[in-house]
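Worksheet: the structure to be examined is printed underneath.
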Amino acid sequence: MPFRKFANPETNLFPEIRNTFNETGKIEPLHLWAILKWKANRAALRHRERLQELHGDFSNATAKLANSLHTAQSDQLRMAALMSERFGFRLPTASAILTVLYPERFTIYDYRVCSQFPEPHDGEFAKLQHRRYSPGLWSDYEKFRQLVIEFTPEDITELRDADHYLWGRSWAKDASRDLSLPFP
């Protein structure tokens with residue numbers, strides 16, 4: 001096994017996960033674990049324990065999750081499946097899983113990205129992470145995704161690159177503040 005893929009999963013592992021999922025409709029448990037650890041290392045154990053409790057074991061939960069996503073007829077139903085009581089994810093983790101599998105249609109909901117929107121959008125979208133799935137949440141997520149595109153320079157054309165730009169801008173702004181440096 002080429003273990004180096006796990007050192008930088010976004011670049012070295014996620015394309016493989018996406019390709020396998022697109023071809024087979026399956027996700028390996030180790031690969032779902034890599035996504036969960038990458039998104040929020042501190043929450044990964046809680047996710048694993050919840051999925052094991054709901055589905056008997058992590059492998060069974062992973063198979064059911066992959067099948068639900070692969071057979072869903074729309075992006076909205078994919079989000080609804082991950083956020084349902086069957087899997088219990090909140091928007092930040094659900095959007096991370098979907099971004100790995102469908103990067104051209106999903107972006108990761110993240111507080112750093114929200115912080116890069118001007119008022120009133122920053123506060124409005126910061127509240128999404130605590131809500132359960134509903135058609136209204138889906139509508140708000142679509143607005144969030146549109147703002148990611150809108151507040152990114154025009155030369156950035158890929159949704160995932162737009163997400164990276166806003167996240168990186170937030171990080172640099174915080175680092176500049178922490179070091180008492182001017183923010184460009």
Side-chain angles (χ1 to χ4, degrees), residues 4-22 27 31-32 34-44 69 72 74-83 89-131 133-184:
R4 67 179 180 77
K5 290 180 181 182
F6 294 95
N8 186 354
E10 189 168 2
T11 302
N12 298 327
L13 183 62
F14 292 172
E16 178 182 318
I17 294 171
R18 180 172 38 262
N19 291 339
T20 299
F21 177 74
N22 287 335
I27 302 171
H31 292 165
L32 178 58
I35 295 169
L36 295 176
K37 295 286 278 184
W38 166 76
K39 171 54 181 145
N41 188 39
R42 66 196 176 283
L69 295 178
S74 70
D75 288 341
Q76 182 176 0
L77 292 174
R78 289 179 182 97
M79 180 74 75
L82 289 177
M83 294 183 72
F89 291 108
R90 295 295 178 122
L91 183 58
T93 305
S95 65
I97 294 167
L98 292 166
T99 297
V100 170
L101 300 174
Y102 307 96
E104 66 285 348
R105 299 195 312 266
F106 286 92
T107 187
I108 297 174
Y109 173 84
D110 187 273
Y111 80 92
R112 283 194 174 280
V113 173
C114 291
S115 75
Q116 297 308 292
F117 301 152
E119 290 186 26
H121 301 301
D122 58 343
E124 172 187 354
F125 287 97
K127 297 174 186 170
L128 292 182
Q129 66 183 326
H130 302 295
R131 290 174 42 196
Y133 181 80
S134 69
L137 178 111
W138 174 253
S139 177
D140 287 341
Y141 175 77
E142 287 186 305
K143 291 175 191 170
F144 167 81
R145 184 176 53 202
Q146 190 57 43
L147 287 173
V148 168
I149 295 165
E150 185 178 328
F151 289 104
T152 303
E154 290 181 14
D155 63 325
I156 298 175
T157 58
E158 300 291 324
L159 187 56
R160 192 66 187 117
D161 291 338
D163 175 302
H164 281 149
Y165 171 85
L166 293 171
W167 192 97
R169 187 175 190 280
S170 171
W171 185 92
K173 188 174 184 179
D174 286 354
S176 295
R177 182 197 65 230
D178 292 346
L179 298 172
S180 299
L181 299 171
F183 181 68

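Not measured: the values here are computed from a predicted model. All values below come from the heavy atoms of this structure, side chains included, with hydrogens, waters and symmetry mates left out.
Checking side-chain atoms of Ser139 against main-chain N and O of Gly136 turns up no donor-acceptor pair under 3.5 Å. Judged by distance alone, the side chain of Asp163 and the main-chain N or O of Ile108 form a donor-acceptor pair under 3.5 Å. Between the side chain of Ser170 and the main chain of Leu166, no donor-acceptor pair closer than 3.5 Å is present. The backbone N or O of Arg105 sits less than 3.5 Å from a side-chain atom of Arg145, completing a donor-acceptor pair. Between the side chain of Ser95 and the backbone N or O of Tyr109, at least one donor-acceptor pair lies under 3.5 Å.
Annotation: the span from Phe106 atom CZ to Tyr141 atom OH amounts to 6.0 Å, rounded to 0.5 Å. Of the inter-residue distances, the one linking Ile97 atom CD1 with Ile35 atom CD1 reads 6.5 Å to the nearest 0.5 angstrom. Atoms CE and CG, on Met79 and Leu69 in that order, are 10.5 Å from each other to the nearest 0.5 Å. Rounding to the nearest 0.5 Å places CD of Glu104 at 9.0 Å from CD of Glu158. The distance from atom CG of Asp110 to atom CD of Gln116, rounded to the nearest 0.5 Å, is 10.5 Å. Considering CD1 of Ile149 and CD of Glu154, their distance stands at 12.5 Å, rounded to 0.5 Å.
Across Arg78 and Leu98, no two heavy atoms sit closer than the pair CB-CD2, 3.8 Å. Shortest non-hydrogen contact noted between Ser134 and Arg131 is OG-NH2, 4.1 Å. Gln76 and Pro135 get closest at one heavy-atom pair: NE2-CA, 4.1 Å. Closest heavy-atom contact between Ala162 and Ile156: N-CG2, 3.5 Å. Shortest non-hydrogen contact noted between Ala94 and Leu82 is O-CD1, 3.6 Å. Closest approach of Leu101 to Arg18, counting heavy atoms only: O-CG, 3.5 Å.
Heavy atoms from other residues, nucleotides or ligands lying under 6.0 Å from CD of Glu142 number more than 12.
At a threshold of 4.5 Å between non-hydrogen side-chain atoms, the residues Trp38 and Val100 count as touching. A 4.5 Å side-chain heavy-atom check between Trp138 and Asp75 finds at least one atom pair inside the cut-off. Taking the side chain as every heavy atom from C-beta outward, Phe144 and Val113 approach each other to under 4.5 Å. Here the side chains of Pro118 and Phe151 are in contact, with some heavy-atom distance below 4.5 Å.
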Show me the donor-acceptor pairs within less than 3.5 Å that the side chains of residues 177-184 make with the rest of the protein, sequence neighbours left out.
{"unit_1": "Arg177", "atom_1": "NH1", "unit_2": "Asp174", "atom_2": "OD1", "d": "3.2"}

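Aromatic ring pairs are classed by plane angle as parallel below 30°, tilted from 30° to 60° and perpendicular above 60°; the pair Tyr102 and Phe21 is perpendicular. The aromatic rings of His31 and Phe6 lie tilted to each other, with the angle between the two planes from 30° to 60°.
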